[in-house]
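Working notes, beginning with the structure itself.
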Amino acid sequence: MTEIKGISQVNEVCEGLKKRIGCEFVALALQNEVGPDVRWHYASGNLNDKYKRITVRFGKGIAGKIISSGSPMMLIDFPNDIYGKVTDHPIMLAEKLVSCYAVPIFFNSSPKGVLLVGKREKYTFSEDDQEMVQDAALELEQILQNQILGLGGYV
Amino acid sequence: MEYSATRNQMSSYIIQAQEEEIKRISLELHEGVGQNLFSILTGLKVVESGIKEDHVKNHLHEMTQLIEKTMQEIRLLSVELYPPALTALGLLPAIKSYIKVYTSTFGIVVELSSIGEEKPILEQNSIAVFRVCQEALTNIAKYADTSNVRIDLKWSNSKLKISIFDFGRGFQIEDLEKNPYSLGIATMKERMLLTGGQCEISSKIGEGTSIEISLPI
Ligand SMILES: Nc1ncnc2c1ncn2[C@@H]1O[C@H](COP(=O)(O)OP(=O)(O)OP(=O)(O)O)[C@@H](O)[C@H]1O
Ligand SMILES: [Mg+2]
């Protein structure tokens with residue numbers, strides 16, 4: 001599998017975004033090359049390596065909902081303002097996040113990934129924050145698209 | 001005395017009726033819906049291979065992927081609801097299948113060992129033990145702040161003992177009584193008592209939480 005963590009441009013975009021928004025955690029989930037699994041391929045500001053073992057469940061939690069719906073989502077005060085169960089949000093639990101904002105990453109016009117920024121405190125992501133995340137997601141789409149062409153197929 | 005005996009019988013009956021219903025839903029998902037989706041998937045793949053137009057092919061491919069994701073989620077859901085392995089193969093395979101789902105869901109590694117010869121257990125009792133392990137692992141994902149869990153099963157002639165240790169942050173057992181909304185641990189104990197077994201919990205701040213279950217067999 002292509003090592004997303006090793007692509008320095010992905011690194012730059014994510015670190016840049018993290019600094020600009022002033023958040024503690026950034027992560028990128030993508031659908032695997034083969035099969036339907038979506039996994040966290042990149043994370044920065046992580047407390048442990050649980051994210052590496054997590055497979056995002058389709059339709060569950062922030063990432064799962066984004067992959068199934070294709071729309072951005074925000075949590076302001078986890079676990080207090082959530083839909084579903086606390087355990088539907090493994091990445092929030094694993095990284096002790098309290099707020100997050102996440103957007104879909106599209107390939108061939110269907111959602112194949114998730115870019116997520118998170119904080120370990122209660123927070124409402126502003127319009128500006130949201131726009132920065134969306135811009136970064138577009139950049140990542142470009143980078144990953146080129147990588148795919150260059151490396152003969154990622155998604 | 002008599003009063004308490006009927007009460008226990010009532011509780012057992014209510015729990016058993018609920019478990020039967022959950023089992024039915026789980027099997028229906030796994031064998032009914034799951035199988036149908038598989039047939040649809042196979043059919044669509046045949047259709048896909050015969051199509052030349054790129055955009056139709058892509059569209060179809062997205063659909064087959066969606067079906068695969070749905071099938072996968074249904075598989076996981078049925079293991080969480082009532083693992084099909086419990087009826088077919090017994091407690092240990094059921095715990096193993098649940099642990100796989102658990103690690104891929106929460107990223108927490110579970111080291112499992114089973115010492116002694118696995119014995120057949122009444123399904124009514126093995127589902128009780130399974131539910132206790134499930135609640136313990138759920139609590140660990142929610143509160144323990146840990147990446148590792150150990151589960152040890154010890155089988156002897158008359159008893160199954162299970163210990164679950166989480167190496168996590170631990171908590172003050174005395175605080176349990178203060179929260180009237182937390183019923184997970186109380187339910188664990190009650191369910192084990194109804195099987196004639198026991199469930200003990202102990203915890204040390206900064207060291208971890210331990211759950212000891214025993215079941216007469
Ligand atoms: N493994 C653990 N590590 C740290 N704290 C724990 C652990 N298990 C339980 N706790 C603490 O004990 C409390 C009670 O747990 P319990 O399972 O009874 O209730 P709950 O999980 O809060 O709610 P419910 O299980 O009813 O949905 C929890 O709120 C938590 O503070
Ligand atoms: Mg609980």
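These numbers come from the heavy atoms of this one structure, side chains and all, not from hydrogens, waters or symmetry mates. Chain identifiers are assigned alphabetically (A, B, ...) following the order of the sequence lines, protein sequences preceding nucleic acid strands; residue numbering begins at 1 within each chain.
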For this session: Please report the C-alpha distance between B:Lys69 and A:Asp37 in whole Å, then the side-chain angles of each, then the deciding distance to 0.1 Å, and finally whether the side chain to side chain contact (heavy atoms under 4.5 Å, CB included) criterion is met.
Result: CA-CA 7 Å; B:Lys69 283 180 192 162; A:Asp37 284 0; over 6 Å; no

Exercise. Where on A:Ile67 is there a heavy atom nearer than 4.5 Å to chain B: the side chain, the backbone, both, or neither?
Worked result: side chain

Exercise. Between A:Thr55 and chain B, which part of the residue has a heavy atom less than 4.5 Å away: side chain, backbone, both or neither?
Worked result: both

Problem set entry | Salt bridge A:Lys60-B:Glu80, side-chain N to carboxylate O under 4.0 Å | yes

For this session: Any chance you could lay out the side chain to side chain contact (heavy atoms under 4.5 Å, CB included) test for A:Lys85 and B:Lys142, step after step, and finish with the verdict?
Result: CA-CA 11 Å; A:Lys85 298 185 292 181; B:Lys142 289 201 290 192; over 6 Å; no

For this session: Would you mind telling me which of A:Ala94, A:Ser109, A:Pro90, A:Ser68 has the largest number of heavy-atom pairs within less than 4.5 Å of chain B?
Result: A:Pro90

Problem set entry | chain A contact via B:Glu68 - side chain, backbone, both or neither, heavy atoms under 4.5 Å | both

Problem set entry | B:Lys161 atom NZ: more than 12 heavy-atom contacts under 6.0 Å | no

Exercise. Just by distance, with hydrogens left out, do A:Arg57 and B:Thr105 show a side-chain donor and acceptor under 3.5 Å apart?
Worked result: yes

Exercise. Side-chain contact, heavy-atom cut-off 4.5 Å: A:Arg53 with B:Ser147?
Worked result: yes

Exercise. Taking the side chain from A:Lys50 and the backbone from B:Thr146, do they hold a donor-acceptor pair closer than 3.5 Å?
Worked result: yes

Exercise. Given the rule in the side chain to side chain contact (heavy atoms under 4.5 Å, CB included) test, do A:Ile54 and B:Phe106 qualify, once you have shown the distances and angles that lead to the verdict?
Worked result: CA-CA 6 Å; A:Ile54 294 176; B:Phe106 297 106; 5.7 Å; no

